[in-house]
Enquirer: 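First the structure, then my questions, so here it is.
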2 protein chains.
Amino acid sequence: MAQRVGIKDVALAAGVSVSTVSHALSGKGHMRAETRDRVRAVAVELGYTPNRLASSLRQRRTRVIGLVSDSISTTPFATRVVVGVHEAASAAGLQVMMTSTHGDPSVELASLELLASYRVDGVVYAKMFHQTADVPAALLAMPSVFVDALPREPIVPATVPDERQIGRVGTEFLLGQGHRNIAHLSIVHGGPGRDGRVAGFMDAMHAASIENAEGFVAYSDDTSEAYARRARDVLTASPRPTAVFCFNDRAAIGVYHAAASLRLRIPEDVSVVGVDNLELVAETLNPGLTTVSLPHFEMGVWAVRTLVKMIAGEPFAGDTPSVVFQPGVLIERASVAPPGPRVTKT
Amino acid sequence: MAQRVGIKDVALAAGVSVSTVSHALSGKGHMRAETRDRVRAVAVELGYTPNRLASSLRQRRTRVIGLVSDSISTTPFATRVVVGVHEAASAAGLQVMMTSTHGDPSVELASLELLASYRVDGVVYAKMFHQTADVPAALLAMPSVFVDALPREPIVPATVPDERQIGRVGTEFLLGQGHRNIAHLSIVHGGPGRDGRVAGFMDAMHAASIENAEGFVAYSDDTSEAYARRARDVLTASPRPTAVFCFNDRAAIGVYHAAASLRLRIPEDVSVVGVDNLELVAETLNPGLTTVSLPHFEMGVWAVRTLVKMIAGEPFAGDTPSVVFQPGVLIERASVAPPGPRVTKT
DNA sequence: CTGTTAGCGCTTTCAG
DNA sequence: CTGAAAGCGCTAACAG
């Protein structure tokens, strides 16, 4: 059933040796164009499908990379890095074998060993929330790249979102619209994401000569209900902020709910900016949510591109730019307007 | 760098032959337990990672399956089948190589050939919207299963959502709450999804002895704006429906928007049920959307399970149950309430 | 420019 | 119960 015709059959049919067929098909070495074309013609005629197992075995290179992540779907982010990885891999002529570890170290180890047994050329090791992580020993045996995680030891290249820039971009947009009394609804659970965005918020506020910006940040648990409650506090402060920059889109949903219950209109009474660009959410919200898009797709692409270089033998030195920070980009929708005298909208 | 130790090294270190190592590791054939254990111990001690390329080449079986879909991310559905496929594959000891065709037949062909060259044991061929599709010739050479698509020729097993049941379930829930004047907001573009759900709607209405149910269905284009417009028509009809069953969650969003602009409260003035269970959306909506979940995960699981059987040699006869219809399940949130005298909610 | 030959690392009869 | 040997299908020296 499966491809019966092998390189031998092609050789036979074309009246040449197998090595000639191999050369003709791979284009390596020089040979008479005529022979090459004839061989190729015979190959397609016979419906020859080269056996990559055999060739990989021989060449010690599979053109397959592994993608191990702690989740392939808990969040839309995961999907975006997966897509980025696949697109870049496909562009580089690589296939990808993906495994999901559910965050379990023992299945992670098993996954890595499995990938090793398939002799993948390298692996992309992705986390779904920006964090610092140990480098699994099994990874050291092959080229690998971290995504959305910083290796505790700088022995593996990595890419993460530029959280600080993200905080700055979101805040600056609000500032640019004329807001000055801007609250930042963040999360209590610390980490690179929270800390970076808070820092970016401060940067922007300070740059705009707004003092005591620390006083404008509120901390909440990362659940819709908690956000809604905390947002209510924020929106009932006095003077009431004219805008709130949210840690993520979920927090923004909380602000929408709180605003609705307080009969505050968005964006007339309060502007809101999120982070994540969960498109489904941002577009469902009424009005649409202006938000900073996280660079998940880009991280996936960068990861396989650098992996490709490593596979090609470009050495990774722990001191060359081993981590790149990907910027976020602001996606403008309708949840922001200048502050001040109420603007009427239809 | 990559695993240097081969079966030979293990044999040498254990003082046995390679074939003994092979047997010891695979557990095939009988041998003294002592020898077997010693060999195994040596293997782990040496950090031996069997080379699956070699074994696959020899055994003519890779334990890898292909997953080709027209998109891996346009919709959250895609992700759910991908997850289902991965979970089931992993449970069956299979790896998966995924390729995305972007709906382009030529890249589809290339993908299929690539998978064939890697000698995958079978392939799951998935579409992201329920449809009927031709069977690519390249698929015939290996075991394969269709997902979310019916093959035009019944030569490949397939699984699709039971659209009619889905239509029925959504409608019956509303009926069960006491609604009788129920509108169905559907799409103008025909297909198994639309037709099935409309039919299910009719089934339920007729079973409840409600006549002229056809009159209750409205057709819209599948965009948020169009849905909102059409929903407005529906909600301004007289008598005004007390509930609307939507073709999908996007349509439900349209109803929410229309209701908001008409100052109708959900669920007090109008109940709404969607289809898809886009969780992000359903939970963002205020109140949460009650909706029928589509069986994408289940389809992915079913697909690899039947693929596994086919690979095992269980023949596929075109007349055995070659297509299975997966039911949807109703996910209850807050967008439905009994009709009638207005219920007050805090 | 083309053919011969020796493996890549493993599994599997078939002997011993 | 264990080992020797043949090969899975391909590539890469090396000859011719």
Side-chain angles (χ1 to χ4, degrees), chain A residues 1-40 42-43 46-64 113-114 116-121 141, chain B residues 1-40 42-43 46-64 113-114 116-121 141:
Chain A
M1 178 181 258
Q3 330 310 315
R4 299 269 53 164
V5 16
I7 199 172
K8 241 180 219 166
D9 306 286
V10 178
L12 207 64
V16 294
S17 73
V18 295
S19 50
T20 300
V21 175
S22 178
H23 287 145
L25 262 28
S26 69
K28 286 183 183 166
H30 294 270
M31 66 190 312
R32 220 181 337 164
E34 189 206 324
T35 336
R36 193 195 51 211
D37 295 342
R38 182 163 44 86
V39 171
R40 289 188 175 173
V42 171
L46 261 49
Y48 170 62
T49 304
N51 186 328
R52 288 233 186 188
L53 293 173
S55 101
S56 294
L57 179 60
R58 182 64 231 249
Q59 294 185 124
R60 300 159 156 289
R61 132 152 235 249
T62 51
R63 297 188 159 282
V64 176
E113 284 184 345
L114 210 46
S117 76
Y118 278 107
R119 297 299 188 267
V120 295
D121 293 336
Chain B
M1 176 181 260
Q3 330 309 318
R4 298 269 56 165
V5 16
I7 198 171
K8 241 181 221 166
D9 306 287
V10 178
L12 207 62
V16 295
S17 74
V18 294
S19 47
T20 299
V21 176
S22 178
H23 287 143
L25 262 28
S26 69
K28 286 184 183 165
H30 295 269
M31 66 192 309
R32 220 180 338 162
E34 189 207 324
T35 334
R36 194 196 49 209
D37 295 342
R38 182 163 44 88
V39 170
R40 289 188 175 173
V42 171
L46 262 49
Y48 171 61
T49 305
N51 186 328
R52 288 235 185 184
L53 293 173
S55 97
S56 295
L57 179 59
R58 181 63 231 253
Q59 295 184 123
R60 297 156 159 292
R61 134 151 232 251
T62 52
R63 298 187 158 282
V64 176
E113 285 183 344
L114 210 46
S117 76
Y118 277 107
R119 297 298 188 266
V120 295
D121 293 336

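A note on names: the letters A, B, ... follow the listed sequences, proteins ahead of strands, and every chain is numbered from 1. These values consider heavy atoms only, across backbone and side chains, with no hydrogens, waters or symmetry-generated copies.
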Enquirer: Taking all heavy atoms of A:Ser56 and all of B:Leu53, pick out the closest pair and write down the distance.
Expert: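 Minimum heavy-atom separation between A:Ser56 and B:Leu53: CB-CD1, 3.9 Å.
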Enquirer: Rounded to the nearest Å, what distance is computed from the CZ atom of residue B:Arg60 to the P atom of nucleotide C:dG9?
Expert: 20 Å
Enquirer: Nearest to the side chain of A:Gln59, which nucleotide is it out of C:dC10, D:dA12, D:dC8?
Expert: D:dA12
Enquirer: Side-chain contact, heavy-atom cut-off 4.5 Å: B:Glu113 with A:Thr49?
Expert: no
Enquirer: For DNA chain C, which residues of residues 15-22 of chain B approach it to below 4.0 angstrom with any heavy atom?
Expert: B:Ser19, B:Ser22
Enquirer: Determine the minimum heavy-atom distance between A:Lys8 and A:Val18, stating which atoms define it.
Expert: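 Heavy-atom minimum between the residues: CA-CG1, 3.8 Å.
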Enquirer: Any side-chain to backbone donor/acceptor pair from A:Asp9 onto A:Gly6? Under 3.5 Å, distance only.
Expert: yes
Enquirer: How many whole angstroms separate atom CZ of B:Arg119 from atom P of D:dG9?
Expert: 8 Å
Enquirer: Just so I know, are the side chains of A:Tyr48 and A:Val42 near enough to count as touching, which here means a heavy-atom distance under 4.5 Å?
Expert: no
Enquirer: Given atom CG of A:Leu25 and atom C1' of D:dG9, what is their separation to the nearest angstrom?
Expert: 13 Å
Enquirer: In whole angstrom, what separates A:Met31's CE from D:dG16's P?
Expert: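 A:Met31 atom CE is separated from D:dG16 atom P by 20 Å.
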Enquirer: Measure CZ/A:Arg52 against C1'/D:dT11 and give the value in whole Å, please.
Expert: 14 Å
Enquirer: Using a cut-off of strictly less than 4.0 Å, decide whether B:Arg58 has a side-chain nitrogen or oxygen near OP1 or OP2 of C:dG9.
Expert: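 Result: no.
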Enquirer: Classify B:Thr35 by what it touches in the nucleic acid, base, sugar-phosphate, or nothing, heavy-atom distance under 4.0 Å.
Expert: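 If one applies the 4.0 Å heavy-atom cut-off, B:Thr35 turns out to touch the sugar-phosphate alone, with no base involved.
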Enquirer: Let me know the distance between CG of A:Leu12 and C1' of D:dG9, rounded to the nearest Å.
Expert: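 The answer, rounded to whole Å, is 15 Å.
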Enquirer: To the side chain of A:His23, which of D:dA13, D:dC8, C:dT13 is closest?
Expert: D:dA13
Enquirer: Determine whether a donor-acceptor pair (N or O, by modelled atom type, separation under 3.5 Å) exists between the side chain of B:Arg40 and the backbone of B:Ala24.
Expert: yes
Enquirer: How close do A:Arg63 and A:Asp121 get, heavy atom to heavy atom, and via which atoms?
Expert: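 Closest heavy-atom pair between A:Arg63 and A:Asp121: N-OD2, 2.7 Å.
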Enquirer: Once you round it to whole Å, what is the distance between P of C:dG9 and CG of A:Leu53?
Expert: 15 Å
Enquirer: If I take atom CZ in residue A:Arg32 and atom P in nucleotide C:dC1, what distance separates them, rounded to the nearest angstrom?
Expert: 9 Å
Enquirer: For C:dG9, does either OP1 or OP2 sit under 4.0 Å from a side-chain N or O belonging to A:Tyr118?
Expert: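 So the side-chain polar atoms of A:Tyr118 never come under 4.0 Å of the phosphate oxygens OP1 or OP2 of C:dG9.
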